[in-house]
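Just follow the structure's listing: the first ligand is 1, and inside any ligand the first atom is 1. If you're wondering where the values come from, they're calculated on a predicted model, not measured in any experiment.
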Amino acid sequence: MLLCFAEGRSGDRAWLIAHDLEPPTPAADPLLERRARHEPLAYILGTREFFGRSFRVGPGVLIPRHETEILVELALDLIDLHGVGRVLDLGTGSGCIAITLAAERPVSVTGVDISRAALEIARLNDTLGTVHWIEHDGIPARSFDLVVSNPPYISVHEKLSREVSEYEPAEALFAGDDALGFYKRIAEAATGCKRVAVEIGRGQHDAVAAIFAQQGWRLEQSRRDLSKVIRALAFYLP
Ligand code: GLN
């Protein structure tokens with residue numbers, strides 16, 4: 001991918017295979033050096049694919065993960081099942097969830113993040129201007145039918161690869177000692193909305209369900225990722 005990128009032929013694997021005997025362009029050297037220092041590929045290329053679309057990424061936003069496509073699929077099903085009209089993406093980062101939902105369904109989507117750097121990238125990604133962006137800490141004071149969030153859910157004690165720990169923004173990853181702080185906040189703050197769908201980390205299913213149950217939420221659905229890890233939960237208020 002780095003060689004194709006350096007040749008100005010991003011994604012053209014056939015070209016690379018057809019030119020396998022040519023020496024690599026020297027333009028690839030600084031890119032390979034960055035990768036050797038564990039910088040994530042997506043930051044070097046400046047883009048990452050998510051749900052079939054390309055998103056700009058850079059230091060300051062979490063790189064979209066394939067697991068998050070499970071959360072998007074769940075949100076799309078909730079939109080279809082319940083005739084959802086207004087969606088909030090809480091902690092939008094690159095905007096990948098908000099922009100995907102707005103592209104896939106005729107819903108009004110708001111994307112919120114506490115980070116100005118993240119919102120700048122989210123706005124760049126919103127080439128069609130379909131999402132309403134707000135710089136805010138928490139849920140804005142207006143009504144939503146569905147709150148979707150992939151919040152930080154990693155314990156500060158967890159050991160991560162250098163790609164993640166040295167390059168991705170800590171504020172997008174970590175949620176204190178027990179890694180559950182953001183679920184507590186969302187369960188309390190989202191009670192003005194009818195439904196919530198959240199991504200969770202491996203093994204957090206029971207703890208997160210209990211946090212939401214304490215605020216009166218009922219579990220509607222859970223979804224596993226391709227590794228069979230329960231990855232997304234949907235709740236509603238009866
Ligand atoms: N919503 C963004 C994503 O899923 C950012 C999430 C985050 O920074 N925790 O990629």
**Message:** Counting non-hydrogen protein atoms only, what is the nearest one to atom 2 (C) of ligand 1? Give residue, atom name and distance.
**Reply:** Thr92 O, 3.3 Å
**Prompt:** Does any N or O atom in Ala172 lie less than 3.5 angstrom from one in ligand 1, N or O only?
**Reply:** yes
**Asked** Do you see a donor-acceptor pair shorter than 3.5 Å between the side chains of Thr68 and Glu199?
**Response** yes
**Complete:** Check: of Cys96, Gly91, Gly111, min heavy-atom distance to atom 1 (N) of ligand 1 comes from Gly91
**Prompt:** Nearest 0.5 Å, what's the OG-NE2 distance between Ser165 and His38?
**Reply:** 10.0 Å
**Asked** Mind checking what makes side chain to side chain donor-acceptor pair (under 3.5 Å) contact with Asp177, not counting sequence neighbours?
**Response** His157
**Item:** Ligand-side contact atoms (ligand 1) for residue partner Ile97, heavy atom cut-off under 4.0 Å
**Value:** 1 (N), 4 (O)
**Asked** Taking N or O atoms only and a 3.5 Å limit, does Asn150 qualify as a polar contact for ligand 1?
**Response** yes
**Request:** Determine the interplanar angle of the Phe212 and Phe235 rings, folded into 0 to 90°, and report it as parallel if under 30°, tilted if 30 to 60°, perpendicular if over 60°.
**Result:** parallel
**Prompt:** Would you say Ser94 contacts ligand 1, with heavy atoms under 4.0 Å as the rule?
**Reply:** no
**Item:** Ion pair check, Asp225 and Arg202, cut-off under 4.0 Å
**Value:** no
**Message:** Applying side-chain contact (heavy atoms from CB on, under 4.5 Å), can you list everything that pairs with Asp12, at least two apart in sequence or on another chain?
**Reply:** Arg9, Ala14, Trp15
**Prompt:** What atoms in ligand 1 come closer than 4.0 Å to a heavy atom of Thr68?
**Reply:** 4 (O)
